[in-house]
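In what follows, a single structure is set out as structure tokens and then discussed.
Below, chains carry the letters A, B, ... as their sequence lines are ordered, and counting in each starts from 1.
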4 protein chains.
Amino acid sequence: MTTPAARPHTGRQRNEAARDAILRAARRQFGERPAADVTVATIATEAGVGRQTIYRWWPTKYAILLEAMTELGRTTVEQPDTGTYPGDLEAFITATFNAARDTTTSTLLRVLMAEAQRDPQVHRMLREFTDRRRQALRELLDRAAANGELDTPADLLIDQVFGVLWYRILLDNGPLTPTAATELTRALLNQTQPRPPSPKP
Amino acid sequence: MTTPAARPHTGRQRNEAARDAILRAARRQFGERPAADVTVATIATEAGVGRQTIYRWWPTKYAILLEAMTELGRTTVEQPDTGTYPGDLEAFITATFNAARDTTTSTLLRVLMAEAQRDPQVHRMLREFTDRRRQALRELLDRAAANGELDTPADLLIDQVFGVLWYRILLDNGPLTPTAATELTRALLNQTQPRPPSPKP
Amino acid sequence: MTTPAARPHTGRQRNEAARDAILRAARRQFGERPAADVTVATIATEAGVGRQTIYRWWPTKYAILLEAMTELGRTTVEQPDTGTYPGDLEAFITATFNAARDTTTSTLLRVLMAEAQRDPQVHRMLREFTDRRRQALRELLDRAAANGELDTPADLLIDQVFGVLWYRILLDNGPLTPTAATELTRALLNQTQPRPPSPKP
Amino acid sequence: MTTPAARPHTGRQRNEAARDAILRAARRQFGERPAADVTVATIATEAGVGRQTIYRWWPTKYAILLEAMTELGRTTVEQPDTGTYPGDLEAFITATFNAARDTTTSTLLRVLMAEAQRDPQVHRMLREFTDRRRQALRELLDRAAANGELDTPADLLIDQVFGVLWYRILLDNGPLTPTAATELTRALLNQTQPRPPSPKP
DNA sequence: GACTAATCGAGACGGTACGTCGCGTCTTACA
DNA sequence: TGTAAGACGCGACGTACCGTCTCGATTAGTC
């Protein structure tokens, strides 16, 4: 817990420094402790802020976290472009898996997914958050479809990618290594690529 | 809320009737209200039981729910046997998806997955719960592998099935209809079935 | 049980209206029911207050009662002044006995004395409470001693007065009527007043 | 806490060894800890007895204590006989004070007096207990009255003796030494002995 | 010599008070 | 005039003790 930095009041306008301190404190605490031990009060204390200041701007502690992650996510989005559809897909999946290998990130994702099951508001906000990544993948697949390189419905493919990702995050059921990413990519390409009519069954 | 049935004491032995009443009450309440509105006290009241009786046997309200679901699951497990690997796989996926289409069931699964992210104990118990279904699918795939009908690592296949399932349960991201099950089956078989060496691209 | 009056919040300062409501509720309940049936919760409910508000300011329900009685006692103290030592003594004892004849008062005193035997904190507070009355009597006796009207150590005399009082309160062993007060006064004066050297025994 | 001694069952008859163990455990625990920390369960454990065995024979833990003290008291009662009324009175008061100077005894008395204020049953039993001592003193005073050596009502005198005693036990307000006993005796004799009509003030 | 009856140690049970904690609202006092 | 501080009403939490119950064993008296 860092000591709250000295910070001047800014009068009747929203204090951006306070907002930042709150987001940072929330991110740090949710990354390091069980979510139950993170409290509006603990965030307020670490941020050197009154609790009311938090309630004025966010409905729940999870809303703070979501805002903090959205803030971060805004910078980190990039579209792969390797020139080929298989290359782009592998790049996308590898990058996605890699992001989730960061312990803090996966912890925060788990916290949000958990809360989304309880609070419809958070559920909606998490959907918006995940839909941005879905959209990126969809565009990639659309390009492949335009070239006739796709045989499976895009929605199913997307769900397979993110399904495996979330399943392994939430249940510790498997690796998210580059190798795992390559493995998944190969499997999806197998089902994806049109094939010659199979020989008689 | 049903009135608690009269129930005889059983002396120094555990009272199985009380246990049943508690499991039933937990299942009902978690299925019908937000998990936050389910309380050890509300379960105890509905079951006609003292709160201490619950604390004596379960560490948290979610542990009750898990035990209740395990109890149910014990009876409902069945292995499909259609004679062919593709048929068995489709039957398995369809049955699995169908079970999750029941609103109560999926609600309970969401509650448990959410809590598993907070309580390591629940996480462990949920893993045991899910591992039983994984095991069933694995056996099915092992039979196929023995016939040389499998090309993809079994673990990856399993994670795709349950990944899509949980992903759609948790994020409302897609259907769990028989059609969806067939679609997924076909995609996985595509990955799965060995194919003649593809002609040069 | 009266319905809790609407009461405005007072922000970050202690809410005196709430404090009053709590003291009044405690006094009323302890006066009317067995102490075991008085609960922090019942007091809180009657006072229209959260339980935590009570725990914030008082360690036990008996501490509330003591504060309530001290509050009352603050106003009711008066020193008799009849002009003569015997008159003053009789006035004091009569007044003291009379106060204890009120059923509510004696009930509360019994409750406090009982709790004082269990909780050293309450014991200390009850001593402070009783010491104020002792002090009043002591001053009365000091005036008599200054006039040479006293033969017995003041402490013993004081203990005789309050000893009889408490003994009769706690064990229902005798009356606290004005007659009883006069009787005790006469006895004490007998032992008190210096007498001419007694004739040979 | 002594380990429970091995003790044979006695079949369908009451087990006297168990009764003794319970009385001893109660006396020890009440003498050494705050009464709130003495529980039917702790007594049962120390006595190596099931709780039900206690509930079968005593209504409350205080009833156990009272029975234990009565058992002891049965032996310790003795009537002083010095030949003179003043001597007898001083002997009685000194003996009474002395008994109360034992820390364990006074602790137990305080516990009982406290509980007597809450439980009418205990109140009644304590009155019976104290009335035996009152009766002894009353007989002593009756003998004096028969000789014309008494000027004050016996009841008032008795209440002064036990009043001072209990008052000092309950509030730590004064000594119970032999000196204190002598002092009180002298004061009471002053009240007691008829005197020549006092000269006009 | 089997059978009944009561006691005993043990511990689960339905209750209820306890004191703590976090929530979200409210008001004051400070800067 | 916006903010930190913190009191407030609320209610869930998990613990402790209460007094009741049933169990399985043990032993004493009864038939």
Euclidean distance, atom CD1 of residue I22(A) to atom C1' of dT3(F) [Å, nearest integer]: 11 Å
Residue that, paired with R110(C), satisfies side-chain contact (heavy atoms from CB on, under 4.5 Å) out of R118(D), H123(D), M113(D): H123(D)
Per-nucleotide protein contact string for nucleotides 14-23 of chain F (B base, S sugar-phosphate only, - none; heavy atom under 4.0 Å): BBBSSBBBBB
Side chain to side chain contact (heavy atoms under 4.5 Å, CB included) partners of T104(A), counting only residues at least two apart: R27(A), D102(A), L108(A)
Below 4.0 Å: OP1/OP2 of dA6(E) and any side-chain N or O of W57(D): no
Length of the line joining I43(A):CD1 and dA5(F):C1', which is rounded to integer Å: 18 Å
Whole-Å gap separating P (dC26(E)) and CD1 (I54(A)): 18 Å
For E128(A), all residues meeting side-chain hydrogen bond (donor to acceptor under 3.5 Å, both in side chains), sequence neighbours excluded: none
Residues in side-chain hydrogen bond (donor to acceptor under 3.5 Å, both in side chains) contact with E32(A), at least two apart in sequence or another chain: R28(A)
Touch class at under 4.0 angstrom, heavy-atom based, for W58(D) against every strand present: nothing
Rounded distance (Å) that lies between atom P of dG15(E) and atom CZ of R56(B): 13 Å
Separation of atom CD in E16(C) from atom C1' in dG6(F), rounded to whole Å: 16 Å
With A63(C) via side chain to side chain contact (heavy atoms under 4.5 Å, CB included) - residues at least two apart: W58(C), P59(C), T60(C), M125(C)
R7(C) vs dG9(F): side-chain N/O to OP1/OP2 distance below 4.0 Å: yes
Side chain to side chain contact (heavy atoms under 4.5 Å, CB included) against R24(B), all qualifying residues, sequence neighbours excluded: D20(B), A21(B)
Nucleotide pairing, DNA chain F (Watson-Crick or G-U, distances under 3.5 Å), in dot-bracket with [ ] and |: |||||||||||||||||||||||||||||||
Protein-nucleotide distance (N15(C), atom CG; dC10(F), atom P), rounded to Å: 13 Å
Contact list for residues 51-61 of chain B, test salt bridge (Lys or Arg N to Asp or Glu O under 4.0 Å), sequence neighbours left out: none
Spacing of D20(D) atom CG relative to dC8(E) atom P, expressed in whole Å: 12 Å
Approximate separation, where rounding is to 0.5 Å, of I54(D) CD1 and I22(D) CD1: 4.5 Å
Set of side chain to side chain contact (heavy atoms under 4.5 Å, CB included) partners for Q13(B), sequence neighbours left out: none
